[in-house]
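Numbers here are sequence positions counted from 1.
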Amino acid sequence: MEKAYQQLKMFLEENTTLKKENIEIVSSLFKFKKVKRHEILEKEGRICKHFYFVAKGCIRLYEIDKKGNEVTGFFALEDNILSALPSFITQKPSIDFLVAHEPSELLVIDREAFFKAINDFPEFATLYHNFMEFAFIHSQMRIYSFLGMEGIDKLRWVIEHEPKLLTRVSSKSVASYLGMTSSTLSKLKAKL
């Protein structure tokens with residue numbers, strides 16, 4: 001557990017201009033949570049009230065489309081943060097699931113404490129703004145890139161931009177992230 005807090009402190013040190021004493025204060029707002037593979041953190045239809053820092057493992061954000069297929073929106077591996085953002089921000093029921101893709105050690109901050117930290121520490125607010133910008137740019141890049149891309153190009157995009165996914169995440173989940181079937185992904189991998 002202490003290692004998880006050390007990682008969070010290092011993450012805050014590297015990604016903010018928070019002073020050491022303020023890093024301690026912000027870190028203390030997070031609670032340690034160990035989860036099993038496939039454990040649901042946030043559920044469709046419920047209001048998301050937490051933000052997550054991944055100390056160890058992987059969490060996955062996805063929704064279920066009208067045909068019952070899982071459509072993956074994002075993965076967060078070690079030293080990343082993630083939430084079901086639309087619900088977290090609007091406080092309306094989520095359309096997403098946020099689940100542990102593998103056994104994970106997380107540090108979790110509730111919404112009230114999160115926004116208090118943003119108000120109390122402008123340097124922490126900058127981290128949130130940077131995350132929001134990254135999330136927007138990442139989403140736009142995936143949407144625009146994937147609309148006109150062939151399957152092999154989508155796979156190349158993941159190899160270039162998110163290579164850890166291919167070694168850490170199941171083919172089924174990567175395929176849902178790329179908008180294809182597992183068998184299509186296997187065939188494309190064989191071509192590379």
Side-chain angles (χ1 to χ4, degrees), residues 1-8 11 27 29-114 131-132 134-135 138-139 142-143 146 151 154-155 157-159 161-189:
M1 179 168 51
E2 186 55 36
K3 184 179 178 199
Y5 281 99
Q6 288 305 115
Q7 281 179 255
L8 176 61
F11 176 80
S27 296
L29 300 173
F30 287 78
K31 306 296 179 231
F32 181 79
K33 182 174 181 123
K34 192 171 188 171
V35 294
K36 297 175 183 167
R37 185 172 191 237
H38 300 302
E39 188 170 328
I40 296 172
L41 304 167
E42 301 293 341
K43 190 173 186 176
E44 176 188 43
R46 293 204 182 138
I47 296 171
C48 176
K49 297 185 183 287
H50 301 95
F51 218 98
Y52 301 84
F53 172 78
V54 181
K56 182 179 178 185
C58 175
I59 58 178
R60 177 172 76 113
L61 182 74
Y62 70 92
E63 67 177 62
I64 297 176
D65 69 14
K66 291 176 180 165
K67 296 178 183 176
N69 299 312
E70 294 179 2
V71 180
T72 301
F74 200 79
F75 293 95
L77 299 169
E78 287 86 2
D79 299 320
N80 277 296
I81 54 177
L82 187 59
S83 185
L85 281 174
S87 179
F88 183 79
I89 294 166
T90 65
Q91 288 299 275
K92 294 187 176 172
S94 182
I95 62 167
D96 299 307
F97 286 89
L98 188 60
V99 300
H101 193 68
E102 56 189 44
S104 300
E105 293 180 5
L106 310 170
L107 290 170
V108 185
I109 186 169
D110 69 54
R111 188 175 189 275
E112 186 178 322
F114 184 84
F131 172 78
M132 294 301 287
F134 169 80
H138 183 268
S139 295
R142 281 189 62 222
I143 291 166
F146 287 7
K154 291 179 186 182
L155 180 55
W157 184 89
V158 167
I159 290 168
H161 293 92
E162 301 180 74
K164 287 183 181 177
L165 291 184
L166 296 174
T167 58
R168 292 280 301 278
V169 175
S170 70
S171 290
K172 179 182 176 186
S173 294
V174 172
S176 83
Y177 183 60
L178 296 175
M180 61 181 68
T181 64
S182 295
S183 61
T184 299
L185 178 60
S186 294
K187 290 173 189 170
L188 294 173
K189 281 181 176 179

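- Counting only heavy atoms from C-beta outward, the side chains of K33 and E39 approach each other to under 4.5 Å.
- Counting non-hydrogen atoms of other residues, nucleotides and ligands closer than 6.0 Å to CD of E2 gives a total above 12.
- Residues L185 and M180 meet the side-chain proximity criterion, which asks for heavy atoms closer than 4.5 Å.
- Going from atom CD1 of I40 over to atom CZ of F97 covers 6.0 Å, rounded to the nearest 0.5 Å.
- With sequence neighbours left out, S186 forms a side chain to side chain donor-acceptor pair (under 3.5 Å) with no residue at all.
- Within the 4.5 Å cutoff, the side chain of V54 has no heavy atoms near those of the L82 side chain.
- Of the listed residues (E42, Q91, K92), just one forms a side chain to side chain contact (heavy atoms under 4.5 Å, CB included) with I47, and that residue is Q91.
- The OH atom of Y52 sits 4.5 Å away from atom CG of L41, with the distance rounded to the nearest 0.5 Å.
- The pair K164-E78 does not count as a salt bridge, with every side-chain nitrogen at least 4.0 angstrom from each carboxylate oxygen.
- The CG atom of L98 lies 4.5 Å from the CD1 atom of I59; values are rounded to the nearest 0.5 Å.
- Side-chain contact check for T72 versus L61: every heavy-atom pair is 4.5 Å or farther apart.
- In this structure, F32 and L107 have side chains that are in contact, with non-hydrogen atoms separated by less than 4.5 Å.
- Taking 4.5 Å as the limit, every side-chain heavy atom of S87 sits out of range of all side-chain heavy atoms of D96.
- Side-chain contact between V169 and C58: present, with at least one pair of heavy atoms (C-beta onward) separated by less than 4.5 Å.
- Aromatic rings of F53 and F11 (six-membered ring for Trp) have centroids within the 6.0 Å cut-off, being under it.
- Taking 4.0 Å as the cut-off between side-chain N and carboxylate O, R60 and E70 count as a salt-bridged pair.
- Put simply, the side chain of Y62 reaches to within 4.5 Å of the side chain of V99, judged on heavy atoms.
- A distance of 10.0 Å separates CD in E102 from OG in S170, rounded to the nearest 0.5 Å.
- For H161, the side chain to side chain donor-acceptor pair (under 3.5 Å) criterion is met by W157, not counting sequence neighbours.
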